[in-house]
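Source: prediction; values computed, not measured. Atoms within each ligand, like the ligands themselves, are counted from 1 in listed order. In what follows, residues are counted from 1 in the order of the sequence shown.
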Amino acid sequence: MIIEKNEAKKILLRGGNLIIPTETVYGLAASINFPEAIEKIYQLKNRPRENPLIVHSATISQVLEFVQNVPKTFFLLAEKFWPGPLTMILEAKGDLNSQITAGLKTVAVRIPNHKETKELLEEAGPVVAPSANLSGKPSSTKISHIEKDFGKEFPILKGEEPTCGVESTIIGWIEQKWVLLRYGFIPKDAIELILGEPIDHSNLQICPGTKFRHYSPDAKIYIQNEMKSKVDAIIGYENRDYETNQKFYSLGRDDEPEKIAHKLFAVFRKIDEDSLEKVWIDINLPREGLYLTLIERILKASSS
Ligand code: TXA
Ligand code: MG
């Protein structure tokens with residue numbers, strides 16, 4: 001159910017939950033000041049309690065209320081990428097609610113780039129917001145995805161639907177170094193350009209979310225070429241010729257990674273809706289920029 005900002009503000013300030021659009025994916029929000037509302041997020045999503053939440057703020061001064069001992073490069077990155085799809089994990093101030101951090105000494109922060117949501121955060125204060133999907137489903141990028149997971153009556157702040165379609169990139173300031181913890185809409189090399197040095201992708205499980213089961217469709221997703229002719233449907237790019245008669249799901253053109261990102265989760269959800277059993281997806285993409293994020297999400301969907 002779409003609601004206006006004033007109604008959304010009332011819900012947050014009386015300790016309720018609602019869904020906010022962001023530029024990446026929809027988020028399931030609670031005001032940081034209401035422990036019961038934060039608890040409800042874990043229940044509604046069926047999310048493991050050890051998986052911490054991202055704090056979403058409207059301004060850098062709000063962000064600085066949650067973190068301490070930030071490096072100078074934090075400000076460089078914030079200036080370049082905020083508001084926008086970058087989440088930074090930094091040392092948390094000692095008094096931060098452990099429901100948010102899942103007991104870690106760090107906290108994830110970001111300023112989303114979405115008009116209505118930013119206005120709401122300016123008026124109602126910071127919120128925690130994981131992606132608005134049941135645990136194990138892909139993030140929601142359309143109203144219909146939210147309705148499927150949380151019902152038609154669940155309140156959703158009015159505003160533009162997510163344009164990116166994949167989640168924010170997560171980097172962490174760990175032992176005096178930036179590390180990439182989750183591939184996301186901002187390419188790794190764009191961050192390296194600002195820092196002036198390469199960053200590693202951490203294989204350590206610092207990002208608790210990476211150790212939980214990830215989305216993979218009910219259909220078995222194959223990437224091996226020899227499976228292409230043995231499946232019920234193909235997910236691919238409309239400017240490539242697959243020479244098959246199977247049902248075809250298009251991710252758009254192969255040279256428009258932003259558009260592919262925008263469509264990817266919607267196509268995954270459609271596969272489940274259409275009750276397919278075996279699907280082949282074309283993962284033959286350049287190993288660079290936003291494509292690396294797309295490849296990572298596709299590999300996760302195909303690996304179980
Ligand atoms: O684009 C996004 O980031 C979306 C929108 C709604 O902002 N949000 C999102 O949140 O993807 P969520 O909760 O689905 O994913 C956040 C990830 C999880 O994998 C979690 O484990 C990790 O961030 N995380 C949160 N706090 C952390 C911390 N202190 N240390 C390490 N990882 C953390
Ligand atoms: Mg999520």
Side-chain angles (χ1 to χ4, degrees), residues 17-30 32 38 41-42 44-58 63 66-68 81-93 96-114 117-118 120-121 126-141 145-146 149 156-157 159 161-175 178-186 202 204-215 261-262 265 268 293 296-297 300:
N17 299 98
L18 83 154
I19 285 165
I20 53 170
T22 82
E23 78 281 31
T24 56
V25 299
Y26 284 97
L28 173 57
I32 58 150
I38 301 174
I41 288 181
Y42 285 95
L44 284 165
K45 281 187 59 113
N46 197 13
R47 181 182 178 95
R49 293 293 189 287
E50 317 86 90
N51 197 359
L53 303 170
I54 301 175
V55 178
H56 294 65
S57 303
V63 170
F66 307 107
V67 296
Q68 60 188 3
F81 296 113
W82 281 352
L86 179 70
T87 295
M88 291 194 251
I89 289 173
L90 295 154
E91 189 178 322
K93 283 200 172 151
L96 199 63
N97 181 342
S98 67
Q99 275 177 306
I100 299 176
T101 61
L104 299 174
K105 291 190 164 32
T106 53
V107 64
V109 288
R110 102 174 179 96
I111 301 181
N113 186 14
H114 187 283
T117 287
K118 256 179 59 202
L120 177 65
L121 299 183
V127 300
V128 284
S131 53
N133 52 278
L134 300 177
S135 268
K137 292 266 179 195
S139 298
S140 295
T141 57
H145 303 161
I146 297 169
D149 285 6
I156 306 168
L157 172 66
E161 83 172 16
T163 49
C164 303
V166 293
E167 301 84 352
S168 61
T169 303
I170 304 185
I171 57 172
W173 179 245
I174 316 279
E175 290 169 1
W178 287 108
V179 287
L180 179 70
L181 297 172
R182 178 174 76 182
Y183 280 94
F185 193 76
I186 294 184
S202 169
L204 305 172
Q205 295 196 329
I206 296 168
C207 201
T210 56
K211 72 175 182 238
F212 299 112
R213 193 177 83 81
H214 263 86
Y215 170 70
H262 180 76
F265 290 155
F268 283 162
T293 302
E296 191 262 357
R297 297 295 193 277
K300 279 200 169 132

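With a heavy-atom cut-off of 4.0 Å, T101 does not touch ligand 1 at all. Residue contacts with ligand 1 for R47 involve side-chain atoms from C-beta outward but no N, CA, C or O (heavy atoms, distance under 4.0 Å). Residue contacts with ligand 1, taken as heavy atom pairs separated by less than 4.0 Å, involve N51 solely via side-chain atoms from C-beta onward.
When each atom of ligand 1 is checked for a heavy atom of T106 under 4.0 Å away, the hits are 28 (C), 29 (N), 30 (N). Atoms of ligand 1 found under 4.0 Å from any heavy atom of R182 (numbered from 1 in listed order, with element): 2 (C), 3 (O), 9 (C), 11 (O), 15 (O), 16 (C), 17 (C). Taking a cut-off of under 4.0 Å to the non-hydrogen atoms of H56, the atoms of ligand 1 that pass are 5 (C), 6 (C), 7 (O). With ligand atoms numbered from 1 in the order given, ligand 1 contributes 17 (C), 23 (O) to contacts under 4.0 Å with heavy atoms of I170. Close approach to A108 involves these atoms of ligand 1, each under 4.0 Å from a residue heavy atom: 25 (C), 26 (N). Close contacts of ligand 1 with S168, meaning ligand atoms under 4.0 Å from a residue heavy atom, involve 1 (O), 2 (C), 3 (O). Heavy-atom contacts of E167 reach the following atoms of ligand 1: 1 (O), 2 (C), 11 (O) (cutoff under 4.0 Å). Counting the atoms of ligand 1 from 1 in the order shown, those under 4.0 Å from a heavy atom of P130 are 10 (O), 12 (P), 13 (O).
The closest heavy-atom contact to atom 24 (N) of ligand 1, among the options P52, S131, P112, P85, comes from P52.
Between the side chains of T117 and T22, no donor-acceptor pair is found at a separation under 3.5 Å.
Here S131 meets the criterion, with an N, O or S atom under 2.8 Å of the Mg ion (ligand 2).
Of the possible donor and acceptor atoms, none in the side chain of T24 sits under 3.5 Å from a partner among the backbone N and O of E167. Listed for the R110 side chain is a donor-acceptor partner under 3.5 Å among the backbone atoms of G84. Panel note: side chain N46, backbone S135; no donor-acceptor pair is recorded below 3.5 Å. For Y26 (side chain) and N133 (main-chain N/O), no donor-acceptor pair under 3.5 Å exists by modelled atom type. Side-chain N or O atoms of S140 include one that pairs as donor or acceptor with a backbone N or O of A132 at under 3.5 Å. Although no hydrogens or angles enter the test, the distance criterion places a donor-acceptor pair under 3.5 Å between the side chain of T169 and the main chain of I186.
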Problem - side-chain contact (heavy atoms from CB on, under 4.5 Å) assessment of N97 paired with I32 - result: CA-CA 8 Å; N97 181 342; I32 58 150; over 6 Å; no

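Residue contacts with ligand 1: T22 is placed with no nitrogen or oxygen under 3.5 Å of a nitrogen or oxygen of the ligand (distance criterion only).
Taking every heavy atom of both residues into account, G165 and T141 meet most closely at O-CG2, 3.5 Å.
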